[in-house]
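Working notes for the structure below.
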Amino acid sequence: MADKLKRIDGRKSNELRPMTAKVGVVPNADGSAMFAFGNTIAIAAVYGPRLLHPQHMQNPATGILRCNYDLLSFSVNDRKKPGPSRRSQEISKMTEWALLPVLDLKEFPNTVIDVQIYIIQADAGTRTAGINAASLALAHAGIPMKNLVCSVAIGKQDKDIVTDLTKAEEDFEGGEGPTDFPLAKEANTNEFTLIQLDGKIPPERVKDVIEFANQACDEIYEVQKKALKEVVEQ
Ligand code: UDP
């Protein structure tokens, strides 16, 4: 099918922004990675497993995962007030939920694994870039994982489904209005670990969103694997 859609940056409807991934970017962390979709850049650093304090929060059956997402003040044009917000708390929580299904933390009772995710430059898709970086950082830290997690936001421009929206696309108010569908899945499977929806979409179009997400996640997985291989082969 010919792609007649005109996107602001000239991409095809199913085309991701150029991706960059690098593992081992924070030497003092137990594991770390950066992941970028175009102008959106996320850094993730993993610390742990470490004994969890206060003690009453410890779980003798398993370690726990604690993610902290932060959009840095000068990562956006309108300086963002520093510190936590409802938005950052929500994103931190859903990042944990997106990653937990691939982790096996039973080997680390009473401990916590901290994942710090910093968005150093933002042009939409920060939560998904953060999940991709965190997945790589956890693998780099040697945490037992059954798979990598790949994440992307699929959206709608009027009636067209599009992959990996920029901020300008997210803000597009024409036609049926903006729709943003962040997803995460276990690589090479049909197991989605996160599906969010901001906006409206007819239920019969959700299968198109899933198809676009599957294709994008296959490409993201290749970039993640390459970044991990680069540190293993060093
Ligand atoms: N954004 C901003 N200031 C904020 C929060 C967000 O400028 O305080 C921008 C930023 O570019 C972000 C985009 O709005 O990437 C979309 O934010 P959203 O909450 O939809 O999450 P994201 O798409 O980044 O996962």
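Read the numbers this way: they start at 1 and go in the same order the structure lists the ligands and their atoms. Position 1 is the first residue of the sequence; numbering continues from there.
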Flag side-chain contact, heavy atom, 4.5 Å: L99 against T193:
no
How far is atom 7 (O) of ligand 1 from its nearest protein heavy atom, and which residue and atom name does that atom have?
V76 CG1, 3.2 Å
Test your reading of the structure: does G125 have an N or O sitting under 3.5 Å from an N or O of ligand 1?
yes
Could you tell me the residue and atom name of the protein heavy atom closest to atom 19 (O) of ligand 1, and the distance to it rounded to 0.1 Å?
R87 NE, 2.8 Å
Nearest-0.5 Å distance that lies between atom OH in Y47 and atom CG in D30:
8.5 Å
Any salt bridge between D123 and K167, counting N to O under 4.0 Å?
no
Numbered atoms of ligand 1 (with element) below 4.0 Å of K80, judged on heavy atoms
8 (O)
Looking at ligand 1, would A124 count as a contact under a 4.0 Å heavy-atom criterion?
yes
May I ask you to identify, for T126, whether its side chain, its backbone, both or neither come under 4.0 Å of ligand 1 on a heavy-atom basis?
both
Carboxylate-amine/guanidinium proximity below 4.0 Å for R7 and D164:
no
Could you please spell out the steps behind the side chain to side chain donor-acceptor pair (under 3.5 Å) verdict for Y69 and T126?
CA-CA 9 Å; Y69 161 103; T126 61; 2.7 Å; yes
Atoms in ligand 1 flagged as close to K167, the criterion being non-hydrogen separation under 4.0 Å
9 (C), 11 (O), 13 (C), 14 (O)
Lys/Arg-Asp/Glu bridge criterion (N-O < 4.0 Å) met for K146, E191
no
What protein heavy atom lies closest to atom 25 (O) of ligand 1? Include the residue and the distance to one decimal.
R127 NE, 2.8 Å
Salt bridge between K226 and E222, side-chain N to carboxylate O under 4.0 Å?
no
Residue-level breakdown please: for L71 versus ligand 1, do any non-hydrogen atoms fall below 4.0 Å on the side chain, on the backbone, on both, or on neither?
side chain
May I ask you to identify the nearest protein heavy atom to atom 16 (C) of ligand 1, giving residue, atom name and distance to one decimal place in Å?
E170 OE1, 3.2 Å
I'd like to know whether ligand 1 has A153 as a neighbour, heavy-atom separation below 4.0 Å.
no
Knowing that exactly one of V112, N110, L52 qualifies, which makes a side chain to side chain contact (heavy atoms under 4.5 Å, CB included) with M57?
L52
